[in-house]
Number of protein chains: 2
Amino acid sequence: MLLSLKMSYKAAMGEEYKAGCPPGNPTAERNCDSDATKASEDFVDPWTVRTSSAKGIDYDKLIVQFGSSKIDKELINRIERATGQRPHRFLRRGIFFSHRDMNQILDAYENKKPFYLYTGRGPSSEAMHLGHLVPFIFTKWLQDVFNVPLVIQMSDDEKYLWKDLTLEQAYSYTVENAKDIIACGFDINKTFIFSDLEYMGQSPGFYRNVVKIQKHVTFNQVKGIFGFTDSDCIGKISFPAVQAAPSFSNSFPKIFRDRTDIQCLIPCAIDQDPYFRMTRDVAPRIGHPKPALLHSTFFPALQGAQTKMSASDPNSSIFLTDTAKQIKSKVNKHAFSGGRDTVEEHRQFGGNCEVDVSFMYLTFFLEDDDRLEQIRKDYTSGAMLTGELKKTLIDVLQPLIAEHQARRKAVTEETVKEFMTPRQLSFHFQCFCFDT
Amino acid sequence: MLLSLKMSYKAAMGEEYKAGCPPGNPTAERNCDSDATKASEDFVDPWTVRTSSAKGIDYDKLIVQFGSSKIDKELINRIERATGQRPHRFLRRGIFFSHRDMNQILDAYENKKPFYLYTGRGPSSEAMHLGHLVPFIFTKWLQDVFNVPLVIQMSDDEKYLWKDLTLEQAYSYTVENAKDIIACGFDINKTFIFSDLEYMGQSPGFYRNVVKIQKHVTFNQVKGIFGFTDSDCIGKISFPAVQAAPSFSNSFPKIFRDRTDIQCLIPCAIDQDPYFRMTRDVAPRIGHPKPALLHSTFFPALQGAQTKMSASDPNSSIFLTDTAKQIKSKVNKHAFSGGRDTVEEHRQFGGNCEVDVSFMYLTFFLEDDDRLEQIRKDYTSGAMLTGELKKTLIDVLQPLIAEHQARRKAVTEETVKEFMTPRQLSFHFQCFCFDT
């Protein structure tokens with residue numbers, strides 16, 4: 001039984017989580033992750049992340065399969081040069097690992113041409129977990145270093161269509177989730193958060209783009225991309241156009257007036273890429289630039305990284321509502337350990353960071369590279385015990401979550417309303433947008 | 001060749017156009033229209049009206065096929081009793097010939113419960129013709145005699161999806177067509193005209209109903225109802241929900257606030273019934289009353305009634321922009337005649353009103369029943385010649401069109417804007433709607 005557990009835990013690992021494999025070091029990567037057959041049955045779409053391999057999703061293969069590009073050292077250096085800022089740890093550690101047309105965005109930025117950010121969330125419950133924060137933490141960083149406007153789609157219509165929810169429930173999840181998103185620190189002067197159910201009725205520009213996209217995508221195409229069948233409701237079949245439309249700047253006339261040519265950069269988990277492959281296919285046919293993308297890996301469940309976490313299993317992750325005590329208990333009880341069976345063995349042979357979920361979580365949330373590297377060395381050598389590693393993570397997560405909760409508590413209904421009101425935003429390249 | 005012409009002209013006739021077959025007289029109808037096999041290949045959907053029968057669409061069979069009910073003498077009498085008004089000539093002459101749940105509407109009306117009217121138009125060009133006026137003339141009468149609010153959908157999104165049009169063109173047709181509709185005399189205090197492309201972005205209530213409907217209809221269902229295929233764009237596939245949504249009162253929060261229970265009555269040509277069969281199927285599952293319907297026959301082309309007229313063939317009908325001279329010339333040149341080849345023969349054997357398009361048009365537009373009956377007798381006996389019949393029609397149409405043009409000219413952009421502004425309407429049962 002222990003063996004089978006070990007096997008399933010091992011399945012959790014994608015190469016991105018391996019401290020020894022920084023991006024831009026293809027040789028090391030190939031060494032770390034060399035099973036040529038393992039990813040043959042990986043499957044990733046917006047609803048399913050599945051792998052039959054004990055090593056988890058092969059992200060390099062996914063890049064080939066999806067036709068995107070790797071975020072390599074060169075690109076990271078270029079981002080650093082363009083922004084004058086140290087790359088975010090998610091870039092340094094390969095958590096955002098894949099992109100489409102990021103060089104175009106940097107070209108635009110360097111030529112003082114405007115672009116904007118678009119990300120989103122499907123609000124399926126009130127409870128958000130640590131993993132849900134990943135795209136928002138990174139998007140906030142992008143907003144800060146590029147000083148660009150940001151639109152955040154709450155696809156409550158999607159959740160209504162896919163789940164057993166009422167429209168009222170879906171919208172209430174939008175508002176609750178918006179508070180967690182706002183608590184990430186977005187600049188209210190540069191950020192517009194919108195509920196599809198609400199915003200569709202506030203901006204004819206949005207619906208016009210939805211209809212334009214819907215005219216240029218056939219059922220055959222969405223069948224191929226999303227696996228829809230004849231038994232699916234027509235809402236699901238047409239929804240991809242709703243997720244695509246915010247990629248086009250004239251969906252937001254209050255922000256971009258009638259400009260159709262402002263390019264969009266979408267930071268998101270790689271499972272959302274099918275929507276934007278479709279969007280990029282349609283864009284030139286309806287007179288818009290293709291959106292650029294930055295893709296992240298999946299945040300591992302406490303039990304391992306084989307699939308995305310489940311918001312419906314309270315023990316599969318740390319929730320943003322967890323108490324310090326719950327965090328401690330969950331990490332100690334559920335976070336899969338790469339340690340040995342006894343202290344003696346651990347001291348002698350060392351632990352395995354590559355399968356240790358606590359270590360993985362530290363790669364996401366411990367900012368200090370030197371300290372992370374020291375932990376990796378100490379745990380690998382056996383100098384650090386599992387209990388100590390877990391305590392380090394608990395010490396990182398407890399204040400992180402507590403601070404998030406404090407910031408969230410400070411978010412009033414009034415603030416949510418303000419973020420969700422269609423309005424002008426102020427941003428760096430505004431003058432270039434509108435010749436004012 | 002003459003024989004083949006005669007054959008195709010004969011195909012123009014549906015039983016509704018026969019003066020000798022008033023509704024509510026089943027025996028007479030059966031006598032007039034007794035070919036039991038003829039309608040076996042009739043096909044009617046929103047895009048195609050086709051019959052292989054030389055007698056045209058068999059409307060009685062369509063009632064059986066669609067599962068609707070005949071508007072019989074009893075129902076017409078009930079409408080007369082309820083409203084205290086003489087039934088409109090379209091009812092007296094079987095032009096509105098089929099219904100669903102009209103008795104429910106009359107129950108509601110008699111019990112002082114509110115209902116509202118919903119009709120619409122797909123604006124595919126600037127030019128509207130006589131046939132396009134039929135539902136609006138009748139809807140205006142219904143609005144007058146029942147004193148109820150009316151919503152008119154301009155499905156410019158549909159036309160954009162189906163035709164080679166830009167969004168801007170489709171919307172401009174909406175505005176031009178709205179002028180012709182307003183010229184029918186609708187009461188601005190009781191009428192809301194809306195463009196889908198515009199109103200979707202003005203009322204979250206509309207989109208919410210669209211999504212609700214889209215959740216409860218599968219691709220299999222729209223495939224069965226509308227004949228969509230896998231090669232159709234997802235816009236077409238999901239559009240039926242957009243035509244369905246105005247059947248539910250909370251799509252119009254400015255008019256009905258959040259009331260979901262106000263029943264809707266839809267006067268339309270029978271080819272639109274598939275949309276509302278779907279709507280009626282969904283309604284109880286999402287907590288709304290089923291819309292009631294009143295169905296009209298198709299307005300015959302000048303060349304005959306086998307199919308609907310074509311807005312793209314200027315000689316297939318009288319357009320609302322035609323001059324008196326054009327009207328005269330079109331009727332004289334193109335209106336198929338039921339007369340004999342020579343004056344002598346005509347005097348001896350008489351003409352055939354059942355295939356004469358001029359006579360058919362008179363059944364639509366000549367208000368005076370006695371005069372129409374006299375014309376029928378005189379033409380049938382041969383006392384009236386084809387030239388005289390055509391002159392009678394020209395004398396009816398010329399002032400009708402001229403007056404329409406004068407009324408349309410008086411419709412300012414301002415007036416259109418007012419009709420198209422979401423706003424409160426005033427109507428008879430308002431107090432019962434809102435307990436005020």
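Quick note on labels: first sequence line is chain A, next is B, and so on, each numbered from 1. Just so it is clear, the model here is predicted, and its values are computed rather than measured. Computation of the quantities below employed the complete heavy-atom set of this structure, encompassing side-chain atoms and omitting hydrogens, waters and symmetry-equivalent molecules.
No donor-acceptor contact under 3.5 angstrom links the side chains of B/Y207 and A/D196, judged on distance only.
Side-chain contact between B/L161 and A/V211 is present, with heavy atoms from C-beta onward closer than 4.5 Å. Taking the side chain as every heavy atom from C-beta outward, A/Y160 and B/R208 never approach each other to under 4.5 Å. Counting only heavy atoms from C-beta outward, the side chains of A/F219 and B/K236 never approach each other to under 4.5 Å. In this structure the side chain of A/P204 never reaches within 4.5 angstrom of the side chain of B/M200, judged on heavy atoms.
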Tabulate below the donor-acceptor pairs under 3.5 Å that side-chain atoms of residues 226-233 of chain B make, not counting sequence neighbours, or state none.
from	atom 1	to	atom 2	distance (Å)
B/T229	OG1	B/S231	N	3.2
B/D230	OD2	A/K223	NZ	2.4
B/D232	OD2	B/T229	N	2.8

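If you measure heavy-atom distances from B/V210 to chain A, you find no contacts under 4.5 Å at all. Proximity to chain A (any heavy atom under 4.5 Å) is shown, for B/I237, by both the backbone and the side chain. Using a 4.5 Å cut-off between heavy atoms, A/L197 touches chain B through backbone and side chain atoms alike. When heavy atoms are compared at a cutoff of 4.5 Å, B/F206 does not approach chain A at all.
Ranked by non-hydrogen atom pairs under 4.5 Å with chain A, the options B/Q202, B/K215, B/K212 are led by B/K215.
Residues of residues 281-290 of chain A lying within less than 4.5 angstrom of chain B, judged on heavy atoms, are absent.
Exactly one of B/T218, B/V222, B/N220, B/I213 qualifies for a side chain to side chain contact (heavy atoms under 4.5 Å, CB included) with A/I234. That residue is B/V222.
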